[in-house]
There are 2 protein chains.
Amino acid sequence: MKAPSNGYLPNSAEVEWKTINSELWHACAGPLVSLPPVGSLVVYFPQGHSEQVAASMQKQTNFTPSYPDLQSKLICRLQNVALHADPETDEVYAQMTLQPVNKYDKEAILASDMGLRQSRQPTEFFCKTLTASDTSTHGGFSVPRRAAEKIFPPLDYSMQPPAQELVAKDLHDTTWAFRHIYRGQPKRHLLTTGWSVFISTKRLFAGDSVLFIRDERQDLLLGLRRANRQQPALSSSVISSDSMHIGILAAAANAAANNSPFTLFYNPRASASEFVIPLAQYNKAMYTQASLGMRFRMMFETEESGVRRYMGTITGISDLDPVRWKGSQWRNLQVGWDESTAGERPSRVSLWEIEPVVSPFYICPPQFLRSKFPRQPGMPGVGHSILMSFYMDI
Amino acid sequence: MKAPSNGYLPNSAEVEWKTINSELWHACAGPLVSLPPVGSLVVYFPQGHSEQVAASMQKQTNFTPSYPDLQSKLICRLQNVALHADPETDEVYAQMTLQPVNKYDKEAILASDMGLRQSRQPTEFFCKTLTASDTSTHGGFSVPRRAAEKIFPPLDYSMQPPAQELVAKDLHDTTWAFRHIYRGQPKRHLLTTGWSVFISTKRLFAGDSVLFIRDERQDLLLGLRRANRQQPALSSSVISSDSMHIGILAAAANAAANNSPFTLFYNPRASASEFVIPLAQYNKAMYTQASLGMRFRMMFETEESGVRRYMGTITGISDLDPVRWKGSQWRNLQVGWDESTAGERPSRVSLWEIEPVVSPFYICPPQFLRSKFPRQPGMPGVGHSILMSFYMDI
DNA sequence: ATGTAGGCCAGATGCCGACAA
DNA sequence: TTGTCGGCATCTGGCCTACAT
């Protein structure tokens with residue numbers, strides 16, 4: 001599982017090898033991001049983009065593109081995944097090549113059994129949101145005690161003061177060196193020399209996060225996640241995102257019509273919700289009968305790169321865009337949240353994002369499920385086994 | 001012709017008003033950039049992009065998109081133009097909405113008579129390429145004498161030393177203040193206080209250019225043009241440019257098939273050659289019979305934002321991409337240049353970029369022209385009048 | 001346990017004329 | 001005419017501890 005000279009790749013058998021360190025990429029992408037394995041089937045929901053595009057396009061040009069050939073979902077085979085990081089911002093993104101699949105044949109089911117791959121969090125890492133002091137020109141970086149002891153090589157505490165040089169590599173294989181010192185009253189771990197050039201070169205500010213991970217070879221890797229600063233109005237995202245999204249819709253429509261592959265870019269930290277879903281995950285969700293008042297849990301990322309589940313209730317089921325994407329399941333569930341810090345959580349979610357909280361009484365009998373989701377020709381009857389594994393997962 | 005509070009717009013009757021200062025935008029775009037007026041007909045040559053896309057796509061994914069419905073050119077009505085500037089880089093670009101036109105009807109000819117609009121250079125402006133001293137932290141900006149006397153408000157030379165504060169606005173309406181002082185031995189104009197923050201905030205380096213223009217209200221405007229630095233490999237341009245270009249091809253193909261409008265972005269300083277050509281300019285070029293050995297002139301931009309013509313000879317006529325865009329006229333002329341500083345000038349150009357150098361003996365009789373470019377059904381016979389105006393223009 | 005402020009020194013910033021191309 | 005350098009005053013950057021939360 002080891003790539004020759006650049007860390008190791010969890011999915012190296014399936015993911016094309018790139019110079020990007022895959023473990024660091026996933027750490028930067030966050031704990032909730034899991035890319036489907038190459039060769040699997042995925043569901044691509046174009047309206048995930050359309051929603052955002054329509055708003056900005058209408059502002060800009062009073063014109064909304066329409067692609068009548070494009071269904072609200074598109075089942076594809078994932079031909080290729082490549083990991084990238086923007087050299088300016090270190091923003092991580094993935095490039096996927098998708099081949100539309102027309103027939104819902106047996107191969108589809110087999111491939112769907114490849115299932116989801118959990119994105120393993122690196123075993124040893126920490127993530128800290130930068131404070132004003134961390135980013136000031138006046139001083140260095142204050143390392144949380146547990147983090148320093150877990151991740152950094154142990155200091156020689158017989159020295160006065162204990163200190164060493166740390167070397168870490170970022171996603172572009174650029175090397176950064178820091179002086180790690182343990183001093184002050186009370187004693188603390190600090191990064192001094194080298195820290196300010198890192199901060200200024202990467203253009204980091206208070207609120208952004210840095211993460212250090214230690215790989216199997218004890219090498220230090222250094223990633224970052226920028227805070228979601230509001231984009232300046234009429235920014236380059238007009239080009240790089242809107243135009244891209246329009247292009248994605250057009251390319252998907254074209255690819256579906258011609259049975260040809262197309263490429264899209266997935267930026268996990270820019271788009272809050274997935275628009276490429278592993279077919280297994282989608283199928284699993286389709287066995288859930290969503291209903292008003294249904295209780296569910298959903299995972300969110302914490303500031304320290306962990307996950308936490310919040311509970312909510314389905315308050316409505318309706319099309320997000322009844323005109324252009326009627327009957328689409330993309331964010332068709334309106335939800336309320338138990339905890340009142342509401343602004344942070346979305347008011348609309350999709351069925352495959354949530355985990356229903358079920359009591360045995362709420363299990364729908366299989367025959368009801370089949371009547372709502374009739375078995376496709378050539379699709380073997382796997383309802384029970386999937387149903388079982390589904391409940392076992394919860 | 002004046003917009004209420006933000007400079008004036010040369011094309012204000014036709015170009016939608018934006019918060020971008022149009023005069024400064026055109027100055028930054030360069031003397032050779034002229035946008036066609038809204039409402040006119042333009043020819044869109046998709047392969048201008050395809051050429052670049054194919055190379056990078058094959059590197060990335062071993063997959064070249066193909067859009068069989070897309071002809072090598074697409075006649076469109078220009079519905080809208082908006083001017084923008086990237087807030088990070090100040091790179092100027094235009095956003096155009098194009099409606100494909102299927103019929104080559106009379107309206108097309110009338111619209112084509114709207115002709116080209118010359119991009120007027122601002123009357124009072126100067127452009128200087130920054131030296132190492134200009135960008136060093138050690139000092140300020142040395143203003144060329146003629147430039148300072150032409151553009152800046154006159155100094156009070158009775159002061160010792162003569163000095164004043166200059167205030168200028170950039171494309172984002174951000175205000176910059178500089179101390180303008182006339183001192184030294186020999187005397188010279190310098191910008192001191194305020195200059196270094198401008199340099200560092202805009203991230204300018206030796207080789208980049210700044211330009212000061214004075215508008216009709218005597219206000220100073222401040223633009224910049226970055227040197228063509230080589231892009232870092234696998235940069236964000238993979239997203240913002242390649243994906244965009246693919247999207248443009250797909251969107252154009254879709255729009256042509258559905259007779260619907262599409263939007264594209266035109267970055268005049270990134271793409272060396274036009275891919276949106278005013279129909280009048282195209283038609284005019286089509287009355288030129290290109291032949292091996294033909295002499296021509298072509299305009300290029302000088303470093304100081306002027307233009308100069310170089311002479312060359314047509315050395316070959318061949319398809320740029322014989323497989324996918326057979327018979328396309330986009331850069332189908334291979335050329336040699338008279339002056340031997342060859343590397344700077346392209347080896348392939350398109351017919352509408354050049355000005356043939358003709359002697360009376362080389363004028364083709366009209367009947368020959370007609371046999372090569374047969375009159376379209378419904379297209380009135382305007383050959384002679386256009387032919388005349390063409391030669392008069394030279 | 002860790003964020004921020006004050007002290008203090010070294011090195012960078014930035015204004016100047018000299019000189020040369 | 002204007003690019004670069006040496007001289008020099010000033011200010012910021014950056015390492016340290018103290019103190020507060």
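Remember, it's a predicted structure, so these values are computed and weren't measured experimentally.
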* **For B/Phe126, the option from B/Leu211, B/Ile213, B/Val143 that meets side chain to side chain contact (heavy atoms under 4.5 Å, CB included)** => B/Val143
* To do: Side chain of B/Thr192 only, please: which of D/dC16, C/dC19, C/dC15 is the nearest?
  => C/dC15
* Asked: Is B/Ser142 touching bases, backbone alone, or none of the nucleic acid, heavy atoms closer than 4.0 Å?
  -> sugar-phosphate
* Which part of the nucleic acid does A/Thr137 contact within heavy-atom distance under 4.0 Å: base, sugar-phosphate only, or nothing? -> base
* To the nearest Å, give me how far apart CZ (A/Phe141) and C1' (C/dG3) are. => 13 Å
* Below 4.0 angstrom from OP1 or OP2 of D/dC15, is there any side-chain N or O of A/Arg183? -> no
* To do: Could you tell me the separation between the CG atom of A/Leu191 and the P atom of C/dT2, rounded to a whole number of Å?
  => 13 Å
* Closer than 4.0 Å, any side-chain N/O of A/Lys128 to the OP1 or OP2 of C/dA1? -> no
* To do: Between A/Gly139 and A/Gln185, just flag the one whose closest nucleotide in DNA chain D comes earlier from the 5' side.
  => A/Gly139
* Asked: Thinking salt bridges, do B/Glu301 and B/Arg308 make one under a 4.0 Å N-O criterion?
  -> no
* Quick one: A/Leu130 CG to C/dG3 C1', roughly how many Å, whole number? -> 13 Å
* Take the protein atom NE2 of B/His138 and the nucleotide atom P of C/dC15, then report the distance between them rounded to whole Å. => 11 Å
* **Main-chain N/O of A/Lys150 paired to A/Arg214 side chain as donor or acceptor, under 3.5 Å** => yes
* Would you indicate what B/Ser136 reaches in the nucleic acid, counting non-hydrogen atoms under 4.0 angstrom: base, sugar-phosphate, or nothing? => nothing
* Indicate whether OP1 or OP2 belonging to C/dG3 is found under 4.0 Å from a side-chain N or O atom of A/Ser133. => no
* Asked: Would the A/Tyr93 and A/Trp25 ring centres measure less than 6.0 Å apart?
  -> no
* Return the value, rounded to whole Å, for the distance between atom CG of A/Asp134 and atom C1' of C/dT4. => 11 Å
* **Length of the NE2-P vector between B/His189 and C/dC15, whole Å** => 18 Å
* Rounded distance in Å - CH2 (B/Trp195) to C1' (C/dG14) -> 15 Å
* To do: Under 4.0 Å between any heavy atoms, over every strand shown, what does B/Pro144 touch: base, sugar-phosphate, or nothing? Just pick one.
  => sugar-phosphate
* To do: Examine distances only and state if a side-chain atom of A/Trp195 and a backbone atom of A/Ala177 form a donor-acceptor pair shorter than 3.5 Å.
  => no
* **Residue whose nearest DNA chain C nucleotide is more 5′ - B/Val197 or A/Thr131** => A/Thr131
* Look at the side chain of B/Arg188 and the base of C/dG17, then say whether one donor and one acceptor between them are separated by less than 3.5 Å. => no
* **Protein-nucleotide distance (A/Phe198, atom CZ; D/dG13, atom C1'), rounded to Å** => 19 Å
* For B/Ser196, report the nucleic acid contact type (base, sugar-phosphate, nothing); a contact means any heavy atom under 4.0 Å. => sugar-phosphate
* Asked: Between D/dG3, D/dC15, C/dT4, which one does the side chain of A/Thr193 approach most closely?
  -> D/dC15
* Donor-acceptor pair, B/Thr201 side chain versus B/Val197 backbone, under 3.5 Å? -> yes
